[in-house]
Amino acid sequence: MQLLAVTDLNEEEAELTQAQSKKYTCKGCGKETPNLFQYDLCRDCLNQTFRRLIKVIDSVRK
């Protein structure tokens, strides 16, 4: 078993924290967010897209 020094553990923890705090830019609104979804959109922009699609689908059904 390999023993890690305290500095090695701190470096690993810092890398993990940095990876978790990585921000991505939404292509819809340009806001920085930790999560992007389909078409590189944030949750709010993706919800708006689905709301517009529901209206179109409902109009075709009638």
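Other residues, nucleotides and ligands place no more than 12 heavy atoms under 6.0 Å from the OH atom of Tyr39.
Side-chain contact between Lys22 and Pro34 is absent, with no heavy-atom pair separated by less than 4.5 Å. Arg43 has its side chain out of reach of Asn35: every pair of non-hydrogen atoms, C-beta onward, lies at least 4.5 Å apart. Residues Asp40 and Cys26 fail the side-chain proximity criterion, which asks for heavy atoms closer than 4.5 Å.
Between the CZ atom in Arg52 and the CG atom in Asn47 there is a gap of 11.0 Å [rounded to 0.5 Å]. Here the straight-line distance linking atom CD of Gln48 with atom CG of Leu53 works out to 12.0 Å at 0.5 Å rounding.
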Next on the checklist: Test side-chain contact (heavy atoms from CB on, under 4.5 Å) on Lys31 and Thr25; report intermediate values, then the result.
Outcome noted: CA-CA 6 Å; Lys31 193 169 43 171; Thr25 304; over 6 Å; no

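Checking Ile54, Asp44, Leu41 one by one against Thr49, the side chain to side chain contact (heavy atoms under 4.5 Å, CB included) holds for a single residue, Leu41.
For the pair Lys55 and Asp58, the salt-bridge criterion is not met [side-chain N within less than 4.0 Å of a carboxylate O].
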